[in-house]
Colleague: 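The structure is given below, and queries will be raised subsequently.
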Amino acid sequence: MTTTVTTISELKRIRHAWRAEGLSVAMVPTMGALHVGHLTLVKRALETADRVVVSVFVNPTQFGPKEDLSRYPRDPEGDTAKLREAGAHLIWMPGVEDMYPAGFSTEISVAGAALPLEGEFRPTHFGGVATVVTKLFGAAEPDFAFFGEKDFQQLAVIRQTVRDLNLNVDVRGVPTVRDADGLALSSRNAYLTPEERKIAPALYRAISAVAQGADAEMFKESLLAAGFAKIDYLDVRDAETLAPYEKGSGRPGRVLVAAWLGKTRLIDNCALVI
Ligand code: AMP
């Protein structure tokens with residue numbers, strides 16, 4: 001059975017009942033407009049724990065002042081139907097007032113893995129993410145939490161927050177789910193025009209080539225030639241610290257990209273082949 005709650009007190013009541021029964025709990029934080037990528041996280045969570053909580057919350061504090069908060073896709077009915085079908089036990093759909101009541105005044109600031117790449121282009125983003133994820137964990141007290149590698153830097157930032165603040169959550173990353181043409185599934189793909197959607201798979205082709213050793217600068221040019229408007233970054237980084245990759249270090253590397261297709265900003269990444 002799938003139950004939906006909005007308030008933190010309802011969530012805690014159910015979570016504590018599960019604890020009394022000795023049941024383990026996995027959480028999947030999302031911003032809704034759910035697709036097969038999100039549902040894959042739910043599936044992994046169901047395989048791992050006795051009970052699965054999916055939060056659906058478009059967190060305003062992780063959007064910059066000029067970003068897409070007001071037009072971010074929302075589909076609570078569709079999300080509920082998909083999560084019922086997937087077998088999630090609890091859907092938590094808090095309102096902004098439940099998460100940020102009057103007087104809310106704490107913010108988590110993360111350095112390290114949060115500083116480069118997205119951190120340069122979206123300077124307030126990871127503070128908002130780390131704060132909301134810590135709140136989600138504080139309320140739901142999950143034993144496990146599932147995040148997609150699609151947001152690879154976010155996963156690194158959350159691992160760092162959990163480590164630094166001694167949070168009792170086992171964070172698990174899940175490989176990116178893609179369309180047949182390679183485009184990573186994303187709620188933001190809904191913004192793409194049909195013409196842009198045809199161009200979009202060039203992004204994954206570019207990072208796959210760079211992962212095999214091709215020159216990143218050359219592939220930036222080829223993305224611009226394919227119709228992308230601007231490349232925020234396309235770079236090879238240390239997969240754990242996200243510092244510039246040291247060739248020959250033998251450490252795992254990651255190719256990460258953020259690029260604008262019309263008015264839509266797409267991100268993607270893949271493992272460096274060494
Ligand atoms: P979002 O709703 O965009 O905040 O994403 C919620 C979670 O789903 C995050 O952990 C994302 O990394 C993950 N996610 C989003 N898209 C994908 C995808 N294509 N494959 C795997 N995980 C994904």
Side-chain angles (χ1 to χ4, degrees), residues 2 11 14-15 18-19 21-57 59 62 79 82-83 85-93 108 110 112-114 117-118 125-126 128-178 184-187 211 237-242 251-256 267-272:
T2 307
L11 171 78
I14 294 173
R15 203 282 168 245
W18 288 341
R19 172 161 302 121
E21 290 178 67
L23 300 170
S24 62
V25 175
M27 176 165 215
V28 181
T30 81
M31 298 207 299
L34 301 180
H35 50 64
V36 174
H38 298 111
L39 298 175
T40 303
L41 304 193
V42 174
K43 209 167 154 198
R44 292 288 95 78
L46 285 163
E47 289 162 4
T48 307
D50 300 314
R51 293 290 181 270
V52 171
V53 183
V54 181
S55 58
V56 176
F57 179 60
N59 174 40
Q62 69 191 67
D79 291 345
K82 287 172 191 164
L83 291 171
E85 167 80 26
H89 300 92
L90 185 59
I91 307 172
W92 178 27
M93 292 183 162
I108 294 176
V110 188
L117 307 173
E118 290 298 290
H125 175 64
F126 286 128
V129 168
T131 304
V132 79
V133 168
T134 304
K135 282 176 63 65
L136 297 174
F137 289 175
E141 298 179 45
D143 302 295
F144 304 91
F146 286 78
F147 293 89
E149 289 183 349
K150 160 72 172 45
D151 300 282
F152 192 81
Q153 190 174 6
Q154 168 175 278
L155 176 58
V157 168
I158 288 162
R159 286 192 196 283
Q160 178 155 0
T161 306
V162 164
R163 216 169 32 236
D164 290 352
L165 300 182
N166 309 114
L167 305 181
N168 292 313
V169 185
D170 182 344
V171 173
R172 304 276 176 99
V174 177
T176 303
V177 180
R178 301 178 181 280
L185 299 187
S186 165
S187 307
R237 295 288 168 135
D238 185 289
E240 200 177 310
T241 64
L242 296 175
R251 287 180 55 81
R254 202 85 189 175
V255 185
L256 300 104
I267 61 170
D268 202 353
N269 67 88
C270 66
L272 179 71

Colleague: Using a strict cut-off of less than 4.0 Å between a Lys/Arg side-chain nitrogen and an Asp/Glu carboxylate oxygen, indicate whether K82 and E85 qualify as a salt bridge.
Modeller: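 The answer is no: the pair does not qualify as a salt bridge.
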
Colleague: Among I14, L46, V25, find the one that has a side chain to side chain contact (heavy atoms under 4.5 Å, CB included) with H89.
Modeller: L46

Colleague: Can F147 and V174 be said to form a side chain to side chain contact (heavy atoms under 4.5 Å, CB included), step by step?
Modeller: CA-CA 6 Å; F147 293 89; V174 177; over 6 Å; no

Colleague: For residues D151 and I267, determine if any side-chain heavy atom of one lies less than 4.5 Å from a side-chain heavy atom of the other.
Modeller: yes

Colleague: When rounded to the nearest 0.5 angstrom, what is the spacing between CG in L90 and OG1 in T2?
Modeller: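 It comes to 9.0 Å.
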
Colleague: Only counting residues at least two apart or in another chain, list the ones meeting side chain to side chain contact (heavy atoms under 4.5 Å, CB included) with L256.
Modeller: L117, F152, Y233, R237, L242, R254, N269

Colleague: Grab the two heavy atoms, one from L185 and one from K150, that are nearest each other, plus how far apart they are.
Modeller: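 Reported closest heavy-atom pair: O-CE, 3.8 Å.
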
Colleague: I need the N59 CG to T30 OG1 distance, nearest 0.5 Å.
Modeller: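 Output value for this atom pair is 11.5 Å.
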
Colleague: Of the non-hydrogen atoms in L41 and G148, which two are nearest, and what is the gap between them?
Modeller: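 Scanning both residues completely, I find the closest heavy atoms to be CD1-N, 3.9 Å.
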
Colleague: So which atom in A88 and which in V54 form the shortest heavy-atom distance, rounded to 0.1 Å?
Modeller: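 Closest heavy-atom pair between A88 and V54: CB-CG2, 3.9 Å.
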
Colleague: V42 versus F146: any side-chain heavy-atom pair under 4.5 Å?
Modeller: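 No; the side chains remain at least 4.5 Å from each other.
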
Colleague: Which heavy-atom pair separates P142 from A26 by the least distance, and what is that distance?
Modeller: CB-C, 4.5 Å

Colleague: Locate the shortest heavy-atom distance separating A33 from D79; write the atom from each residue and the value.
Modeller: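 Here A33 and D79 meet closest at N-OD2, 3.1 Å.
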
Colleague: Once rounded to the nearest 0.5 Å, what's the spacing between atom NZ of K135 and atom CD1 of I108?
Modeller: 10.0 Å

Colleague: Enter the distance from R178:CZ to C270:SG here, rounded to the nearest 0.5 Å.
Modeller: 7.0 Å

Colleague: Do the side chains of E118 and F126 get nearer than 4.5 Å, heavy atoms only?
Modeller: yes

Colleague: According to the ring-ring contact (aromatic ring centres under 6.0 Å, His included) rule, which pairs have a member within residues 24-51, sequence neighbours left out?
Modeller: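 Sorted pair list: H35-H38.
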
Colleague: Is there a side-chain contact between M93 and I91 (heavy atoms, below 4.5 Å)?
Modeller: yes

Colleague: Any side-chain to backbone donor/acceptor pair from E141 onto R15? Under 3.5 Å, distance only.
Modeller: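 Not confirmed, E141 side chain does not pair with R15 backbone.
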
Colleague: Show your reasoning for whether side chain to side chain contact (heavy atoms under 4.5 Å, CB included) applies to L83 and L39.
Modeller: CA-CA 8 Å; L83 291 171; L39 298 175; 4.1 Å; yes

Colleague: Give a yes or no on whether a salt bridge exists between R159 and E240, defined as a side-chain N under 4.0 angstrom from a carboxylate O.
Modeller: no

Colleague: A side-chain contact here means heavy atoms from C-beta on lying under 4.5 Å apart; do V28 and V53 qualify?
Modeller: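 Result no, sub-4.5 Å side-chain heavy-atom pair not found.
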
Colleague: Should D50 and W18 count as side-chain neighbours, where that means a heavy-atom distance under 4.5 Å?
Modeller: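 In short, these two side chains do not touch, never coming nearer than 4.5 Å.
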
Colleague: What's the separation between atom OG1 in T161 and atom CD in Q154, rounded to the nearest 0.5 Å?
Modeller: 10.0 Å

Colleague: Measuring only between side-chain heavy atoms, which start at C-beta, is V129 closer than 4.5 Å to V157?
Modeller: no

Colleague: Within this structure, what is the CH2-CE distance for the pair W92 and M27, rounded to the nearest 0.5 Å?
Modeller: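 If we round to the nearest 0.5 Å, W92:CH2 and M27:CE are 5.5 Å apart.
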
Colleague: Going by atom type alone, with no hydrogens or angles, which donor-acceptor pairs under 3.5 Å involve a side-chain atom of residues 163-170 and a protein atom two or more places apart or on another chain?
Modeller:
unit_1 : atom_1 : unit_2 : atom_2 : d
D170   : OD1    : R172   : NE     : 3.1
D170   : OD2    : R172   : NE     : 3.4
D170   : OD2    : R172   : NH2    : 3.0

Colleague: Could you tell me whether the side chain of F57 reaches within less than 4.5 Å of the side chain of M31, counting heavy atoms only?
Modeller: no

Colleague: Can you give me the closest heavy-atom contact between G32 and S187, atom names plus distance?
Modeller: O-OG, 3.4 Å

